[in-house]
Engineer: 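Structure below; questions to follow.
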Amino acid sequence: MASVVVVGAQWGDEGKGKIVDLLTRYADYVVRFQGGNNAGHTLVVEGKKYIFHIIPSGILYEGKTCAIGNGVIIDPGVLLKEIAGLADKGFSVTPKKLLISSNAHLIMPYHQQLDQARENSLAKEKKIGTTGRGIGPCYMDKVGRVGMKVGDLLDPALFKDKLQTAVEEKNFILTKQFGAAPVDLAEIIDQFERFAEQLAPFIGNVSLVLDQARKKGQNILFEGAQGTQLDIDHGTYPFVTSSNTIAGNACIGSGFGPSHIDEVIGIVKAYTTRVGEGPFPTELPEGDVIGDTLQQKGHEYGATTGRRRRCGWFDAVVANDAVRLNGLTGFAVTKLDVLSGLQKLKIATRYQVEGATFDYMPENIRKARLAQPVYEEMDGWNTEITGVRSFDDLPDKAKAYLRRLEDLTGVAPAIISVGPDREETLLLRNPFAG
């Protein structure tokens with residue numbers, strides 16, 4: 001029996017969905033523990049593409065139970081659309097396959113309107129780059145102790161009472177502060193009554209179920225969203241998401257005891273990307289030949305937003321932050337194949353900021369913006385590697401690159417991805433094998 005956490009070790013979009021999909025074959029339960037539908041996981045299975053925003057990636061396997069933990073915030077309409085989309089592709093999502101925590105919070109229509117109104121009110125240089133899906137306002141209500149919980153759907157009287165109070169407050173803010181249209185209470189009640197009827201069979205106590213699974217000796221896989229540098233406490237604040245993305249939140253966001261975690265796998269691309277605003281020291285500007293090559297060859301567009309991802313060289317400073325913050329026991333290196341054909345490769349080993357040297361991301365956002373990477377250079381390789389199925393068969397220079405990443409971080413790759421398909425992955429060490 002083992003419990004394994006998978007987290008993004010950069011700014012998100014590292015390919016967590018594919019790695020979770022690979023490890024799910026060894027797990028009995030797959031648990032999403034934070035974030036909302038502002039994150040997307042893309043899988044390619046037998047040439048078919050699947051994109052998940054809320055449901056854990058493991059839903060494509062038979063005989064597995066997927067759980068959405070209390071740390072996740074849920075847009076019921078998006079979740080039900082995702083369930084229906086899977087049904088259209090031949091994957092039936094039943095209560096035996098999907099469990100939703102009654103303690104997870106609901107994204108309400110007024111959260112989305114507030115999110116968009118606030119972002120639109122900011123000057124260009126102060127915009128966060130929010131997806132506009134209501135994530136921030138929902139987490140604000142959760143922390144403010146006025147949020148709507150999934151379990152409230154099962155108690156119509158409680159739901160309506162809480163909702164009426166919330167709508168009065170939110171409509172005042174929408175109309176008076178932002179000059180936006182108010183939301184309609186009756187319309188929301190009608191909409192969420194339908195949601196409640198459809199979701200009721202899936203709602204339960206995730207913490208209790210996971211503890212029972214652990215006691216039975218079953219394997220549990222925890223799936224994070226976004227990436228370490230987007231953590232609300234430890235990322236490049238304020239250009240972060242509204243939840244804790246690091247491994248410690250796997251326990252908080254699911255109700256699982258921290259002493260029961262056995263492995264933490266951090267996902268890194270063989271280079272670095274970021275979507276939205278905020279510091280990105282190794283960024284190659286749009287129009288740079290290598291940056292555009294990475295973007296085009298790596299198909300670097302956000303799975304949720306469709307936005308072009310900013311691309312840059314591998315950042316060992318960011319990777320080391322992830323090692324420290326998550327307690328990583330292994331890396332999964334994705335998109336190594338995208339580097340094939342580049343004559344020279346660069347790795348940032350530290351930053352220079354106003355004459356000072358940093359081997360971690362500065363907490364001061366002004367200094368983080370000013371950080372200049374100090375690079376070391378390595379030879380690239382010309383051989384295409386998508387057909388490689390063992391580490392020994394990789395080009396020597398690709399192996400040297402991976403070993404250098406290990407030297408710089410102190411953490412060895414456990415998994416290497418050499419292409420987008422499920423089968424184009426090298427499992428060097430199975431974290432469920434002990």
Engineer: Determine, step by step, whether N37 and D75 satisfy the side chain to side chain donor-acceptor pair (under 3.5 Å) criterion, reporting the C-alpha distance in whole Å, the side-chain angles of both residues, the deciding distance to 0.1 Å, and the verdict.
Structural biologist: CA-CA 7 Å; N37 59 301; D75 182 323; 4.6 Å; no

Engineer: Can you see whether H111 engages D141 through a side-chain donor-acceptor pair at a distance of less than 3.5 angstrom?
Structural biologist: yes

Engineer: Quick one, I220 with L210, criterion side-chain contact (heavy atoms from CB on, under 4.5 Å). Give me CA distance, side-chain angles, the key distance, then yes/no.
Structural biologist: CA-CA 8 Å; I220 305 172; L210 293 180; 4.2 Å; yes

Engineer: For the backbone of A371 and the side chain of R369, can you confirm whether one donor and one acceptor N or O come within less than 3.5 Å of each other?
Structural biologist: no

Engineer: If you measure from the Lys or Arg side-chain nitrogens to the Asp or Glu carboxylate oxygens, is any gap between D396 and K399 under 4.0 Å?
Structural biologist: yes

Engineer: Between T228 and N326, is a side chain to side chain donor-acceptor pair (under 3.5 Å) present by the stated rule, with each step listed?
Structural biologist: CA-CA 8 Å; T228 297; N326 294 290; 2.9 Å; yes

Engineer: Could you tell me whether R350 and D315 make a salt bridge, using a distance below 4.0 angstrom between a side-chain N and a carboxylate O?
Structural biologist: no

Engineer: Hey, is E424 close enough to K335 for a salt bridge, meaning N to O under 4.0 Å?
Structural biologist: no

Engineer: Will you find, in the side chains of T236 and R274, an N or O donor that is under 3.5 Å from an N or O acceptor?
Structural biologist: yes

Engineer: Nearest 0.5 angstrom please: K142 NZ to K149 NZ, how far?
Structural biologist: 9.0 Å

Engineer: Would D407 and R403 satisfy salt bridge (Lys or Arg N to Asp or Glu O under 4.0 Å), going step by step from the backbone distance to the final call?
Structural biologist: CA-CA 6 Å; D407 290 342; R403 289 185 178 118; over 6 Å; no

Engineer: Is the side chain of N320 donor-acceptor paired with the backbone N or O of L408 at a distance under 3.5 Å, no angle test?
Structural biologist: yes

Engineer: Please check if the side chain of K64 supplies one atom and the backbone of R25 the other of a donor-acceptor pair under 3.5 Å.
Structural biologist: yes

Engineer: Examine distances only and state if a side-chain atom of N249 and a backbone atom of I252 form a donor-acceptor pair shorter than 3.5 Å.
Structural biologist: no

Engineer: Do any N or O atoms from the side chain of T245 and from the backbone of G227 form a donor-acceptor pair under 3.5 angstrom?
Structural biologist: yes

Engineer: Measuring from Q226:CD to T241:OG1, what's the distance to the nearest 0.5 Å?
Structural biologist: 4.0 Å

Engineer: Can you name the nearest heavy-atom pair linking V72 to F33, along with the distance?
Structural biologist: CG2-C, 3.7 Å

Engineer: Do D393 and R389 sit within salt-bridge range, that is, some charged N less than 4.0 Å from a carboxylate O?
Structural biologist: no

Engineer: Would one find more than 12 heavy atoms of other residues, nucleotides or ligands at under 6.0 Å from atom NZ of K297?
Structural biologist: yes

Engineer: Can a donor-acceptor pair be found between the side chains of Q352 and T357 at a distance below 3.5 Å?
Structural biologist: yes

Engineer: side-chain contact (heavy atoms from CB on, under 4.5 Å) with L79: which of V93, V150, L199?
Structural biologist: L199

Engineer: Does E82 come within less than 4.0 Å of K89, counting only side-chain N to carboxylate O?
Structural biologist: no

Engineer: Checking Q295 against E286 for the side chain to side chain donor-acceptor pair (under 3.5 Å) test, could you report, in this order, the C-alpha distance in whole Å, the side-chain angles of both residues, the deciding distance, and whether it holds?
Structural biologist: CA-CA 9 Å; Q295 196 274 327; E286 191 170 355; over 6 Å; no

Engineer: Side-chain contact, heavy-atom cut-off 4.5 Å: V240 with D233?
Structural biologist: no

Engineer: Using side chain to side chain donor-acceptor pair (under 3.5 Å), reason through T65 and K96 one step at a time and then give a plain yes or no.
Structural biologist: CA-CA 7 Å; T65 299; K96 286 187 177 181; over 6 Å; no

Engineer: Between R309 and D13, is there a side-chain N and carboxylate O pair less than 4.0 Å apart?
Structural biologist: yes

Engineer: Could you tell me if the side chain of S243 sits less than 4.5 Å from the side chain of I232, heavy atoms only?
Structural biologist: no

Engineer: Donor-acceptor pair, E300 side chain versus Q296 backbone, under 3.5 Å?
Structural biologist: no

Engineer: Check this for me: does any side-chain nitrogen of one of R133 and D115 sit under 4.0 Å from a carboxylate oxygen of the other?
Structural biologist: no

Engineer: In the structure I gave you, are the side-chain heavy atoms of V206 and N70 within less than 4.5 Å of one another anywhere?
Structural biologist: no

Engineer: Can you tell me how far apart CD1 (I107) and CD1 (I135) are? Round to the nearest 0.5 Å.
Structural biologist: 3.5 Å

Engineer: Show the nearest heavy-atom pair for residues F192 and P109, with the distance to one decimal.
Structural biologist: CE1-CD, 3.7 Å

Engineer: Would you say the ring centers of F222 and F256 fall short of 6.0 Å from each other?
Structural biologist: yes

Engineer: What's the shortest heavy-atom distance between G312 and F280, and which atoms?
Structural biologist: N-CZ, 3.6 Å

Engineer: Check for me whether R422 meets the cation-pi criterion with Y61, that is, NZ or CZ under 6.0 Å from the six-membered ring centre and within 45 degrees of the ring axis.
Structural biologist: yes

Engineer: So do P395 and Y401 actually touch side chain to side chain, heavy atoms under 4.5 Å?
Structural biologist: no

Engineer: Please determine whether the number of non-hydrogen atoms from other residues, nucleotides or ligands lying under 6.0 Å from atom OH of Y237 exceeds 12.
Structural biologist: no

Engineer: So, W381 versus S340: side-chain donor-acceptor pair below 3.5 Å or not?
Structural biologist: yes

Engineer: Nearest 0.5 Å please: distance from the CG atom of L106 over to the CG atom of D152.
Structural biologist: 7.0 Å

Engineer: What residue among I265, I267, V323 forms side-chain contact (heavy atoms from CB on, under 4.5 Å) with F331?
Structural biologist: V323

Engineer: Are R214 and D28 ion-paired here, with the side-chain N under 4.0 Å from a carboxylate O?
Structural biologist: no

Engineer: Assess whether a salt bridge exists between R404 and E376, defined as any Lys/Arg side-chain N lying under 4.0 Å from an Asp/Glu carboxylate O.
Structural biologist: yes

Engineer: Taking only Lys NZ, Arg NE, NH1 and NH2, and the carboxylate oxygens of Asp or Glu, determine whether R310 and E283 approach each other closer than 4.0 Å.
Structural biologist: yes

Engineer: So, for Y271 and W313, is the gap between ring centers shorter than 6.0 Å?
Structural biologist: no

Engineer: Might you work through the salt bridge (Lys or Arg N to Asp or Glu O under 4.0 Å) test for D321 and R324, ending with a clear yes or no?
Structural biologist: CA-CA 5 Å; D321 277 356; R324 170 171 46 84; 2.7 Å; yes

Engineer: Regarding R429 and E263, does a basic nitrogen lie under 4.0 Å from an acidic carboxylate oxygen?
Structural biologist: yes

Engineer: Looking at K269 and G15, would you say the former's side chain and the latter's main chain have a donor-acceptor pair under 3.5 Å?
Structural biologist: no

Engineer: What distance separates L427 CG from S417 OG, expressed to the nearest 0.5 Å?
Structural biologist: 12.0 Å

